[in-house]
Amino acid sequence: MENVLKCFIIDDEKKDRENISLLLKNYCPQVDIIGEAWDKNSIIKGLSTENPDLVFLDVQLGSITIFDILDELETIDFKIIFVSAYNQYAVEGYKYNAIGYLLKPIEPRLLVEIINKTVQLQEKVESKEEVIANFKDLYSKIHEVPKISITDSRGTHVIKIPSVLYCISNGNYTTLIRKDEKEIVISKNLKYIESKLEPFGFFRIHRSYLINLDQVNTLVKDQGGYVVMSDEKSLPIARYSKKELYQRLNVI
């Protein structure tokens, strides 16, 4: 097969390496998995001897980061796809970069898209310095705390998105319940707040509640269904929202 990508997988969690491998075998026939690694010694040895075209890696590897390893390599002549369980807020902005980003659990559709893009970019050559600089830039942007600004009759509220647990409708006002911070009452209705927060992993479970899916602790099927949030507050699930909510939370 033409344009076969020799792929190397780096992750300190065996189950995550196995998951990436299974997805590639099922959805990406143009990829040939040539090896995997999990610590500094196996990574340096594998990257030096296997000559991969493409490397899947997680940044944090036990007590070290991938930067500690990349700096020791003489050259970096492979493409990098960053795989992480953290910060879904950056996916939309950076998943199509030459240095790609995928969020765990990996969506097969996004994996196929980024592999196809990598095939197209295979002939593009970057220096080691360019690769590390681009990767560090991507990493810093991914780990920025995302914020939004909402202006109402009293001024502009600058809100750290991960701090919001859920939002409660009160007519033309919305109360934002936040983690370790005071709640905020904004003179905007919940539909408006939903339009601002939906791209960041928020979901309308009820006409009165918009929740941060990252802050769901328990999904309970009794009493018509409700979620228990990280502050132990129980919020009802409307019947029309239940199916999509289960899909968004990967309920099996």
Side-chain angles (χ1 to χ4, degrees), residues 1-88 90-91 94-108 110-144:
M1 181 184 297
E2 295 183 0
N3 294 324
V4 172
L5 288 172
K6 294 184 294 181
C7 172
F8 197 80
I9 300 170
I10 296 174
D11 199 301
D12 59 346
E13 293 288 340
K14 182 179 180 180
K15 62 179 178 60
D16 288 331
R17 299 195 304 272
E18 291 174 344
N19 182 55
I20 294 172
S21 179
L22 181 62
L23 288 171
L24 289 171
K25 289 175 181 176
N26 287 340
Y27 295 98
C28 303
Q30 68 273 57
V31 170
D32 178 24
I33 302 169
I34 60 173
E36 59 181 51
W38 50 91
D39 59 17
K40 187 173 182 177
N41 290 337
S42 61
I43 292 169
I44 292 177
K45 180 180 179 180
L47 293 180
S48 300
T49 61
E50 297 294 343
N51 192 30
D53 300 311
L54 173 66
V55 176
F56 284 83
L57 57 85
D58 200 349
V59 169
Q60 193 66 45
L61 301 164
S63 61
I64 63 173
T65 70
I66 193 62
F67 303 123
D68 300 318
I69 297 168
L70 293 179
D71 285 334
E72 293 193 18
L73 299 177
E74 290 186 9
T75 60
I76 298 177
D77 52 3
F78 47 82
K79 302 298 182 188
I80 293 173
I81 295 179
F82 172 34
V83 183
S84 177
Y86 300 102
N87 208 334
Q88 73 274 27
V91 173
Y94 300 106
K95 69 186 178 188
Y96 297 114
N97 265 22
I99 300 176
Y101 176 95
L102 289 171
L103 178 71
K104 298 176 184 179
I106 297 171
E107 292 185 36
L110 297 181
L111 175 64
V112 170
E113 287 179 0
I114 206 167
I115 289 296
N116 288 339
K117 185 170 183 66
T118 304
V119 170
Q120 296 171 8
L121 293 168
Q122 193 170 5
E123 300 304 318
K124 183 180 178 182
V125 178
E126 294 178 304
S127 70
K128 172 184 173 180
E129 290 72 22
E130 287 176 318
V131 172
I132 294 178
N134 290 338
F135 191 63
K136 286 186 175 181
D137 180 59
L138 171 64
Y139 180 70
S140 65
K141 288 176 180 176
I142 286 170
H143 287 77
E144 287 177 357

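- Taking CD from Glu107 and CG from Leu23, the interatomic distance works out to 11.0 Å, rounded to the nearest 0.5 Å.
- Rounding to the nearest 0.5 angstrom, the gap separating the CG atom in Asp53 from the CG atom in Asn51 is 7.0 Å.
- A 4.5 Å side-chain heavy-atom check between Glu36 and Asp11 finds every atom pair outside the cut-off.
- For Asp12, there are no side-chain hydrogen bond (donor to acceptor under 3.5 Å, both in side chains) partners, not counting sequence neighbours.
- How far CD1 of Ile114 is from SG of Cys28: 10.5 Å, rounded to the nearest 0.5 Å.
- Side-chain atoms of Lys6 do not come within 3.5 Å of backbone N or O of Ile34 as any donor-acceptor pair.
- Looking at residues two or more places apart in sequence or on another chain, you find no side-chain hydrogen bond (donor to acceptor under 3.5 Å, both in side chains) involving Asn19.
- Residues Arg17 and Trp38 share a closest heavy-atom pair of NH1-CB, 3.2 Å.
- For the pair Asp16 and Val83, the minimum side-chain heavy-atom distance is 4.5 Å or more.
- The two atoms that bring Phe82 and Asp58 nearest to each other are CE1-OD1, 4.0 Å, heavy atoms only.
- The salt bridge (Lys or Arg N to Asp or Glu O under 4.0 Å) check on Lys25 picks up nothing, with sequence neighbours excluded.
- With sequence neighbours left out, the salt bridge (Lys or Arg N to Asp or Glu O under 4.0 Å) criterion links Glu13 to no other residue.
- Using a 4.5 Å heavy-atom threshold, the side chains of Phe56 and Ile106 count as separate.
- Looking only at side-chain heavy atoms (C-beta outward), Ile33 and Ile20 stay at 4.5 Å or farther from each other.
- In this structure the side chain of Ser21 reaches within 4.5 angstrom of the side chain of Ile9, judged on heavy atoms.
- Legend: residues meeting side-chain contact (heavy atoms from CB on, under 4.5 Å) with Glu18, ordered by chain and number and at least two apart, are Lys14.
- With sequence neighbours left out, the side-chain hydrogen bond (donor to acceptor under 3.5 Å, both in side chains) criterion links Asp39 to Ser42.
- For the residue pair Ala37 and Phe8, the shortest heavy atom distance occurs at CB-CE2, 3.6 Å.
- In this structure the side chain of Asn26 reaches within 4.5 angstrom of the side chain of Leu22, judged on heavy atoms.
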Check your understanding: Can Ile115 and Leu54 be said to form a side chain to side chain contact (heavy atoms under 4.5 Å, CB included), step by step?
Key -> CA-CA 9 Å; Ile115 289 296; Leu54 173 66; 3.5 Å; yes

